[in-house]
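Inspection log for the structure reproduced underneath, given as structure tokens.
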Amino acid sequence: MLNSKANENLLEGLNEEQRIAVQSVQGPLLIMAGPGSGKTRVITHRIAYLVQVMGVSPASIMAVTFTNKAAKEMQERVNQLLGSQASNITLGTFHNFGARVLRQYGDILGIDKQFVIYDDDEQKSIVKQSLEEFSLDPKQYSPSAINNAISAAKNKMLRPNEHAAHAKSYFDEIVNRVYVRYEKALLDNHALDFDDLLLKTVLLFQSDQNVLEKYQNRYKFLMVDEWQDTNKVQYLMTRMVAGDSNNLCVVGDPNQSIYSWRHADITNILDFENDNEKVKTVNLGRNYRSTGSIVSAAQSVIAPNANKSDLQLWTDNPQGNQIGVSYNYNEQEEALSVAAEIETLVNQENLRYGDIAIMYRTNAQSRAPEEAFVRSGIPYRIIGGLRFWERKEVKDLLSYLRVIHNPFDSLSLSRIINVPARGIGQKTLSLLNGWAQLNDLSLYKTVTDTIGEHSQHQISNPNEINTRSKKQLELFMSMLGRLTTIASESDVLQLFDQLIESIQYKKYIEEQDRSDDRWDNILELRSAISDYQDFAPEVGLSAFLESAALSTDLDQMDDSGPDAVTLITLHQAKGLEFPAVFMIGMEEGLLPHRRSIDSGDAAEIEEERRLCYVGMTRAQERLYMTIATNRSMYGNYNPGMSQTVGPSRFLKDIPSDLISIEGKSSLKKGIDISLPESSNNILTNQSRKRGGKTSPYNTGDHVKHKIFGAGVVVGCLITPLGNDFEVTVAFKGQGVKRLLASISNLEISD
DNA sequence: CAACAACAATTTTTT
DNA sequence: ATTGTTGTTG
């Protein structure tokens, strides 16, 4: 022991198992960590232990996390323990690490160091283009399915020729043809996709022993979090970097494996134990996060899984409240009852809005609570959904920056060549693209050649580009040229401002609807760019583009924001915790999702069950699970369209003494859900169409009934026969009633 | 070539 | 409900 004082400090407050995990620093270590078992604490203390007690240099430690947000949090906590030394630790995601390796040594594999990273959208559009080239109908062969198959192949380390050998069906053959074309497109565009960041790194390590040794010599202690969600390529990468020293610690929980659809391979946990002879295993089963009720309920939900970890989760925490299960008429009512309960928690239970999260299976489910929160004035923020980096205005500007950074990126150039509209239409673009492909040139080069006065490549095509378009192309290219010069001389923020100015983007945005939102997004983008202002001109641009490609909405989520309720998918919620959690849409068809039920694959249902388990174990004190008996799909309640088939089977596995069931009781209890006058008009502009017929009432309408008095419409459905409407009204002091429009004579009072 | 209308497809989950 | 795609018109 180099430092016994540090040793004592670091082990203080840890339980026996946690101490063993922190102190086992030599050789392979597997930490099975249940939810809320102090996993992050163990990892950070283990890092500090390595440095302060074992005297390991921080530079030789690498910790890999699942998201950038997790990396950031871990960095902060290590900073607290180690101070300035902490900055020398390598901390990030697999994709981060891969990108860094390839920026430095990718040229060995023939990769341009200026490579751009293509996201899912761009991958799909390349697939679509390839299909069109082969005269295959993208409607018949879905680009997503093919893209997914290509990704699966890459995750199994199958190159196109190897994949061809495995082809079993006609679909596989199509995939293979597209795969070949797809790889060529990426090469031509000097681009890599997400999978390449991992795959090419492993290929590089395999083909160049010197490079691999550089990393092996540098990193002597490796830690990987969320091991149950790693894939085969990540497994290989980890083992290669760990090398013979094999001081590799992986942390995971098979019960929280929820990314098999992204080719995560749960057998990595088994393989780890099998591939390492003397692997040590530590089980962290004690939960410090949640109440007794929540832990027991979560246990009973995961129990039916055939494939599960035998790790028993337990807690000494007080039993706490029962889990609140509530039945609601439809998703609007579900959202209103959640909103009412939130107000109670905030006003009477001393919780802040920021202590509360709404979790759901699909992004589309955020809409109803969002509307309810707007109406009741509850502050909220949505994570994910229409992701920031995928918004049109953001992608447009990013595409400009990408073309400036890497002119070979023809995909980005196609995207922006006529945005804002400058008279370079589809006809011109397809002529140019055709020519580019015929001569194996980049689009950029083709355009340059086309407009050059004394160009040899003048498009000699019969359908020559007209002089007018040519003139526009000239103007466009000279503008790009100016911007490229600015990029090499000024910082990235100045470049961005000049870009906005040059293309008159503000004016363009103002002509569109929701222009305020769009402009806000651009300002947010600008503020993200300003983080790279101090870098040297080209370096700043490159670093910013990389972070833009690899960051997610979740990464932006930090505690500095205003006090607000968090709306988040169950997947994204992994690793987070909140004092109060509402899991909405606890219905068959939603959780488990219809797709997993229809697949007929028991393994898919088991994954849904784990997802439910992950959600439940995010809650510290209070957990609510809500059901809507009617749910709209694609905006209407037409008979047969509702995807709900009753409460989730997972709910039925929770012992009844752990739950308290409320059927609309929060409304019956007399909580006033009527709207503030001012918010009334938010809903009046909504379409009154329901199933083709015009609905007489809108959610939010104030109405009067002869017997029940004043109330607010919380739902209006067309009846199964389609000749009437069933109106659900919350009456002041009378509770919620369902009435037929034709006989109730409701008066809109406004 | 752009602006507008009509239409279809969409919803699992994301580094 | 909302988004993107396709076809028609000015």
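Reminder, nothing fancy here: chain letters follow the sequence lines and each chain counts from 1.
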_For the base of dT13(B) and the side-chain ring of W261(A), does the geometry meet a stacking cutoff of under 5.5 Å between centres and under 30° between planes?_
yes
_Checking the side chain of N418(A) only, and the main-chain atoms of I424(A) only, is there a donor and an acceptor separated by less than 3.5 Å?_
yes
_So if I take every side-chain heavy atom of T93(A) and compare against dT2(C), dT13(B), dT15(B), which nucleotide ends up nearest?_
dT15(B)
*Looking across every strand, which nucleic acid part, if any, lies under 4.0 Å from D120(A) by heavy atom: base, sugar-phosphate, or nothing?*
nothing
_Integer angstrom distance from the C1' of dT6(C) to that of dT11(B)_ = 23 Å
*Value in whole Å for how far the P atom of dA9(B) lies from NZ of K128(A)*: 12 Å
*Is the backbone of V301(A) close enough, under 3.5 Å, to the side chain of R609(A) for a donor and an acceptor to pair up by distance?*
yes
*Using the closest heavy atom to pick a nucleotide of DNA chain B for each, name whichever of T67(A) or E608(A) lands nearer the 5' end.*
E608(A)
*Atom NE2 of H263(A) to atom P of dT13(B): distance rounded to whole Å?*
16 Å
*asked:* Distance check needed: dT3(C) C1' versus D121(A) CG, whole Å only.
replied: 12 Å
*Base, sugar-phosphate alone, or nothing: which one does Q572(A) contact when heavy atoms must sit under 4.0 Å apart?*
sugar-phosphate
*In whole angstroms, how far is the C1' atom of dT11(B) from the CG atom of L591(A)?*
15 Å
*For the pair made of NZ in K471(A) and C1' in dC1(B), what is the distance, rounded to whole Å?*
18 Å
*Sugar-phosphate, base or nothing in reach of S469(A), heavy atoms under 4.0 Å*: sugar-phosphate
*Could you please name the option among dT13(B), dA2(B), dT15(B) that lies closest to any side-chain atom of H571(A)?*
dT13(B)
*asked:* Measuring centre to centre across the rings, with the benzene-like ring taken for any Trp, is F94(A) within less than 6.0 Å of F66(A)?
replied: no
*Between dT15(B) (C1') and N155(A) (CG): distance, integer Å*: 11 Å
*Does I568(A) offer a backbone N or O that forms a donor-acceptor pair with the side chain of Y360(A) under 3.5 Å?*
yes
*Would you classify Y259(A) as touching base, sugar-phosphate or nothing, given that sugar-phosphate means primed atoms plus P, OP1 and OP2, and contacts are heavy atoms under 4.0 Å?*
sugar-phosphate
_Quick check: on DNA chain B, is the nucleotide nearest N418(A) upstream (toward 5') of the one nearest E604(A), or the reverse? Name the residue that is more 5'._
N418(A)
*Rounded to the nearest angstrom, tell me the gap between atom CZ in R609(A) and atom C1' in dT13(B).*
18 Å
*State whether the side chain of E608(A) and the backbone N or O of S596(A) hold a donor-acceptor pair below 3.5 Å, judged by distance alone.*
no
*Which nucleotide in dT14(B), dT15(B), dT11(B) has an atom nearest any side-chain atom of H95(A)*: dT15(B)
